[in-house]
Every structure is written in structure tokens, then in C-alpha cells.
Amino acid sequence: MNYWLMKSEPDAFSIDDLKNRPDRTEPWDGVRNYQARNFMRDEMKVGDRIFFYHSNCKVPGIVGIATVASEPYPDRWQFDPDSKYYDPKSDPDNPRWILVDVKYERHLDRVLSLNEIKEHAEALGDFALTRRGNRLSIMPVDDAQWDYLLGLEKQ
DNA sequence: GCCAACGTTGGC
DNA sequence: GCCAACGTTGGC
């Protein structure tokens, strides 16, 4: 099983929004970055676990856990001219933007803020989230980092 | 709201 | 293929 971290702006789509969806599941649409797409298209497997991260908000940080809930499939908004995610260059026979469904698992007992995570940079080792200038919205988390961060939750 | 970082676009 | 211009991300 692989582990991931996925960012979302809570004003746009929060972990509570995910929890309140039918079946607690939502397509992770709107990703328009190739690296992030490649993770969803090529590497994610149903059942993989995800840290749900709130970005661009008062206290950015990990707020909960979700799981990968579908095989990869095309993001339908790329073909909708009225959508802000419309991509006229995407070929319907070979869609450019691929996503997976994500399912709510639980909130963490407390928010693991970016500040706190940074304090543990040494223990976490090379971690995309704390790398300088990082803007990736989907990134891998290794086993040790996953366990370490979950350990922080209980402190 | 500011701005650093960085990805994308498009002219050449 | 280079690179300047531009747009977006996201912390602060």
C-alpha cells in the first residue's frame, strides 16, 4: 500500500465537505499539474491512504485521513467549456486529465499544522511538503513518514 | 494583500 | 530549444 498527501483549500473543498458527500466519496477533480496527475494515473491504488491537507487557510496542516476509492478515470470537467477546468487541448479519445475518487476515513484527533510538521523536519527526512518552494498538490508519503506523523497525532 | 517559487506559454 | 512574460500556488 502507498501513502499520499493531498492538498485542498478548505474554502473550496474541506474535509468536512468530503465527509458530507454521498458515500463520503468525491472525485478529486481540478488537478491541472502533470506531476500530480501522474501520481493519480500511474501510482495510486484503491485502498491507498491519504493525508488530507488544508492549504491556503488560517492554520495550514493535515486534518484527516482519506482513502483512494476508485481506479483512475478522466476528469469530466476538462471537456466542459463552461468549467474553469475546461481544457480545449484535451483529446476525448486520449484525455489529458485523470483523477481518482477519494473517500473520507476520519478526522485526526487534532490538526498537525505545517508549523509543527516543520519542527520535525529532521525526523521526517526528505519530505515534499517541507521542501523549499514546494507547490505540489499531491505528493507521496513514505511508510516511516506516515507512521511518524500519525504518532504526532497522539502527542 | 504581498510576494517567492515555479510551471506554462508562445515568440523567435 | 531558449527564455521572457505571465499565471498560479500557497505561506505569511
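For clarity, every value in this text was computed on a predicted model and none was experimentally measured. In what follows, every chain begins at residue 1, and chains take the letters A, B, ... in the order their sequences are listed.
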field: Residues touching DNA chain C, which here means a heavy atom under 4.0 Å, drawn from residues 87-100 of chain A
entry: none
message: Per the side-chain hydrogen bond (donor to acceptor under 3.5 Å, both in side chains) rule, what does the pair list look like for residues 52-71 of chain A, sequence neighbours excluded?
response: Glu9(A)-Asn56(A)
- request: Please name all residues satisfying side chain to side chain contact (heavy atoms under 4.5 Å, CB included) with Asp142(A), sequence neighbours left out, ordered by chain then number.
  value: Ala144(A), Gln145(A)
query: Who pairs with Thr25(A) by side chain to side chain contact (heavy atoms under 4.5 Å, CB included), at least two apart in sequence or on another chain?
result: Asp23(A), Ala69(A), Asp101(A), Lys103(A)
Output a table of donor-acceptor pairs, distance under 3.5 Å, between side-chain atoms of residues 132-139 of chain A and any protein atom two or more places apart or on a different chain; print 'none' if there are none.
unit_1    : atom_1 : unit_2    : atom_2 : d
Asn134(A) : OD1    : Leu136(A) : N      : 3.0
Asn134(A) : ND2    : Ala128(A) : O      : 3.3

statement: Tracing side-chain contacts under 4.5 Å among Ile, Leu, Val, Met, Phe, Trp and Tyr outward from Tyr85(A) reaches Trp77(A)
Quick test: give all pairs of protein nitrogen or oxygen and nucleotides 6-12 of chain C nitrogen or oxygen below 3.5 Å, distance rounded to 0.1 Å.
unit_1  : atom_1 : unit_2    : atom_2 : d
dT8(C)  : O2     : Arg135(A) : NH2    : 3.1
dG10(C) : OP1    : Lys7(A)   : NZ     : 3.1
dG10(C) : OP1    : Arg135(A) : O      : 3.0
dG10(C) : N7     : Asn56(A)  : ND2    : 3.3
dG11(C) : OP1    : Tyr53(A)  : OH     : 2.8
dG11(C) : OP2    : Asn56(A)  : N      : 2.9
dC12(C) : OP1    : Lys118(A) : NZ     : 2.7

- prompt: Which residues satisfy the side-chain hydrogen bond (donor to acceptor under 3.5 Å, both in side chains) test with Asn2(A), sequence neighbours excluded?
  reply: none
query: In chain order, what residues pass the salt bridge (charged side-chain N to carboxylate O under 4.0 Å, His left out) check against Arg24(A), with sequence neighbours excluded?
result: none
